[in-house]
Engineer: 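Would you mind keeping the following structure in view while I ask a few things?
Computed from heavy atoms alone, side chains included, the values below leave out hydrogens, waters and symmetry copies.
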Amino acid sequence: MRGSLPVENAGSVPLCLFVEPYGEDFWLEPGEVVTVSPISDGTDVQFAVTVAAELMSVWLFENGDPNRVVSESQVLDTSGTPLECGHQRYARRIPGPFLQRGVKPDGALNR
């Protein structure tokens, strides 16, 4: 599939995959593989990936232009079936070192 990003959780704990710009979350169990792609087959995309402890964030940009965010994307399982936002979320807490320690990034709201 052109313009797609395979993502595999090669770790031993669940991985939270965020697909931006809407922050859709997909929880991958160890060994699980999915593919992130634009919905439109003709869109040439570049991916920007950020990884933290048990967390991965993916942005899609049309033609690699950071001002042209692709807002219509999909996450597919290995059989090509689109997954819904919240895939395997259950009652999990969003991971990440700053959340685990209770430290908030600069400018974060107090909640």
Engineer: A side-chain contact here means heavy atoms from C-beta on lying under 4.5 Å apart; do L5 and V49 qualify?
Structural biologist: yes
Engineer: Might you point out which heavy atoms bring E32 and L28 nearest each other, and give the distance in Å?
Structural biologist: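 Result for this residue pair: OE1-CA, 3.3 Å.
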Engineer: Considering only heavy atoms from C-beta outward, does the side chain of S40 approach that of E72 to under 4.5 Å?
Structural biologist: no
Engineer: What is the minimum heavy-atom distance between G64 and Q46, and which atoms define it?
Structural biologist: CA-OE1, 3.2 Å
Engineer: Which heavy atom of P6 sits nearest a heavy atom of S4, and at what distance?
Structural biologist: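 Closest pair (atom of P6, atom of S4, distance): CD-O, 3.8 Å.
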Engineer: Using side-chain hydrogen bond (donor to acceptor under 3.5 Å, both in side chains) as the criterion, list what pairs up with E62, not counting sequence neighbours.
Structural biologist: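 So E62 forms a side-chain hydrogen bond (donor to acceptor under 3.5 Å, both in side chains) with R68.
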Engineer: Do you know which two heavy atoms are closest between L15 and M56, and how far apart they sit?
Structural biologist: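 Taking L15 first and M56 second, the nearest heavy atoms are CD1-N, 4.2 Å.
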Engineer: Can you name the side-chain hydrogen bond (donor to acceptor under 3.5 Å, both in side chains) partners of T81, sequence neighbours left out?
Structural biologist: S79
Engineer: If you define the side chain from C-beta out and look only at heavy atoms, does anything of F47 sit under 4.5 Å from V36?
Structural biologist: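 With C-beta onward as the side chain, the pair touches.
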Engineer: Holding to side-chain hydrogen bond (donor to acceptor under 3.5 Å, both in side chains), I want the full list of residues that pass it with T50, two or more places apart in sequence or in another chain.
Structural biologist: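 Testing T50 for side-chain hydrogen bond (donor to acceptor under 3.5 Å, both in side chains), a comparison that skips the adjacent residues, returns none.
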Engineer: State, with a plain yes or no, whether a side-chain heavy atom of V75 is found less than 4.5 Å away from one of H87.
Structural biologist: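 No, their side chains stay 4.5 Å or more apart.
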Engineer: Are V19 and V51 connected into the same hydrophobic cluster when the rule is that any two of I, L, V, M, F, W, Y join if their side-chain heavy atoms are below 4.5 Å apart?
Structural biologist: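 Looking at the clustering, V19 is in the same group as V51.
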Engineer: Between N63 (side chain) and D65 (backbone), is there a donor-acceptor pair under 3.5 Å?
Structural biologist: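 No, N63 side chain to D65 backbone: no donor-acceptor pair under 3.5 Å.
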Engineer: Could I get the full list of side-chain contact (heavy atoms from CB on, under 4.5 Å) partners for V13, not counting sequence neighbours?
Structural biologist: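 V13: side-chain contact (heavy atoms from CB on, under 4.5 Å) contacts with E54.
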Engineer: Could you tell me which non-hydrogen atom of L60 sits nearest to which non-hydrogen atom of P38, and how far apart they are?
Structural biologist: CD2-N, 3.7 Å
Engineer: Flag yes if V34 and W59 sit in one hydrophobic cluster, no otherwise; membership is Ile, Leu, Val, Met, Phe, Trp, Tyr, and two members link when side-chain heavy atoms are under 4.5 Å apart.
Structural biologist: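 They do not share one cluster, since no chain of ILVMFWY contacts under 4.5 Å joins V34 to W59.
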Engineer: Which atom pair, heavy atoms only, marks the closest approach of G23 to F18?
Structural biologist: O-CD2, 3.4 Å
Engineer: Could I get the full list of side-chain contact (heavy atoms from CB on, under 4.5 Å) partners for P30, not counting sequence neighbours?
Structural biologist: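 Counting only residues at least two positions away or on another chain, P30 forms a side-chain contact (heavy atoms from CB on, under 4.5 Å) with N9.
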Engineer: Please enumerate all residues that pass side-chain hydrogen bond (donor to acceptor under 3.5 Å, both in side chains) together with D25, with sequence neighbours excluded.
Structural biologist: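 For D25, the residues satisfying side-chain hydrogen bond (donor to acceptor under 3.5 Å, both in side chains) (neighbours in sequence not counted) are W27, R89.
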Engineer: I'd like to know whether V45 forms a side-chain contact (heavy atoms from CB on, under 4.5 Å) with F61, so could you lay out the CA-CA distance, the side-chain angles of the two residues, the decisive distance to 0.1 Å, and finally the verdict.
Structural biologist: CA-CA 5 Å; V45 297; F61 298 105; over 6 Å; no
